[in-house]
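See below for the structure under consideration.
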Amino acid sequence: MKFDYDAFGKAMNSNKNNDIDVINSGKNYGWFYKDDDDSSEFNQVMEYRIKDGDHNYRTWHQESSMITHDAGMLVSVKIDHIRGENIDDHIVLLTGFDFNGKLFYGQAFVQMKEEDPFHTEIITSGDIIDTVHDQIQDKIKDNYGVNGSTEGRKQIPHIVRLNMKAMCDGVKK
Amino acid sequence: MSVKFNLNTFKSLYPNSKSYSEYLEYKVEDSQYRVYNPTVKANNVLYVKLDHIRADATDDHVELTVEFDTNASIKHVSYTWKKGNDGYQISDTAISIVDDSLELLGAVGALETFGLSEELALDAKEAFDFCAKAFNDISTAVVKWNDNGGQLYFVAVVSHTINRLCSSVYVK
């Protein structure tokens, strides 16, 4: 098993809702080096924005490790809601795939500056992606106040869902 | 028979890492981490230190103790977690698997069908359970520390480390 970053990128570029624009999507499906002077693998990120809105997000190159005896794979990622320098929101997501490449586990933690952090439960049954989405959605406020990036934060559940769906495409048997 | 640990295997499982004699370092998700070579603390018990590298005194430190049974199946994990700067510490906490709710790879039978014996399938299930439980238990505390996300992602690094330890032990 392996994580195919191109397959992830393709999925992000062609998401069925067609409601995000991947920045620089013409090259490497949008993966680029975050720092110009660092060409290491995990310096690669993908940035995208919600169409019809000025809300920007960043996905870092996912980390994966095989479960012993090649029984499956853990895949983790950090996603940023880009608000500016020290005030970005962070989502850290851990997922598990079985030996057939099927998602069987997911859990997300969410950090927002000046707001209480929150997280989903350990999700292992039902529609895992929808459940992670819904549990994040339940914690998103209606209004984060002046300069609170309310509209961008309201899209976080959807952004996590898009990422999880694309991660499923990225996991190859 | 006893459980042996293969350091070369372990180090090879960190993609894009720089290996030094006493540790490895790798950058992932916008942060830098250091994983020291695991040492054998007692029979079937491995001890490993990890740093989230920020700058000197502000580094976060984790110490993991992982115990295996004589079949090299993970049995127990305990950890200490020390935050940089103010030294806030989550101390001497054990991760316990107390119920069956995390039987996620779950259909152990399905793993047997895949070609794993019942014993190896259980071994994989337990490895996974500890990784997921560690992520849940530790993140719940660490999520309150808001830097660039690197302190929080450190928990995922620890989960991957538990997972990679499980893939680096064998019975001889």
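Proteins get letters first, then strands, A, B, ... in listed order; numbering begins at 1 in each.
Only the backbone of Asp70(A) comes within contact range of chain B, with heavy atoms under 4.5 Å apart. Neither the backbone nor the side chain of Glu121(A) comes within contact range of chain B; no heavy atom of the residue lies under 4.5 Å from a heavy atom of that chain. Residue Val169(B): no heavy atom, backbone or side chain, is found under 4.5 Å from chain A. With a 4.5 angstrom heavy-atom cutoff, Asp38(A) touches chain B only via side-chain atoms. No part of Ser168(B) comes within reach of chain A, as not one of its non-hydrogen atoms sits under 4.5 angstrom from that chain. Only the backbone of Ser64(A) comes within contact range of chain B, judged by heavy atoms closer than 4.5 Å. For a residue to count as touching a neighbouring chain, one of its non-hydrogen atoms must lie under 4.5 Å from one of that chain's; by this rule Val77(A) touches chain B with backbone and side chain alike.
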Could you list the donor-acceptor pairs under 3.5 angstrom formed by side chains in residues 6-13 of chain B, with sequence neighbours left out?
residue	atom	partner	partner atom	Å
Asn6(B)	OD1	Asn8(B)	N	3.0
Asn6(B)	OD1	Thr9(B)	N	3.0
Asn6(B)	OD1	Thr9(B)	OG1	3.4
Asn6(B)	ND2	Thr9(B)	OG1	3.3
Lys11(B)	NZ	Ser19(B)	OG	3.0
Lys11(B)	NZ	Tyr20(B)	O	2.6
Lys11(B)	NZ	Asn37(B)	OD1	3.4
Ser12(B)	OG	Thr9(B)	O	2.6

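Across Cys131(B), Pro15(B), Ser139(B), the residue that shares the most heavy-atom pairs under 4.5 angstrom with chain A is Ser139(B). Ranked by heavy-atom pairs under 4.5 Å with chain B, the list Met66(A), Met112(A), His119(A) is led by Met66(A). Ranked by heavy-atom pairs under 4.5 Å with chain B, the list Phe42(A), Phe118(A), Trp60(A) is led by Trp60(A).
By the side-chain hydrogen bond (donor to acceptor under 3.5 Å, both in side chains) test, Lys141(A) is found to be paired with Glu115(A), residues two or more places apart in sequence or in another chain being considered.
Between Tyr57(A) and Tyr48(A), the angle of the ring planes stays under 30°, which puts this pair in the parallel group of the 30/60° scheme.
You'll find the ring centres of Tyr5(A) and Tyr29(A) outside the 6.0 Å limit.
Side-chain polar atoms of Tyr153(B) and Ser76(A) form a donor-acceptor pair below 3.5 angstrom.
With hydrophobic clusters built from ILVMFWY side chains whose heavy atoms lie under 4.5 angstrom apart, Val45(B) does not share a cluster with Leu165(B).
Comment: Arg164(B) engages Glu63(A) in a salt bridge, judged by a side-chain N to carboxylate O separation of less than 4.0 angstrom.
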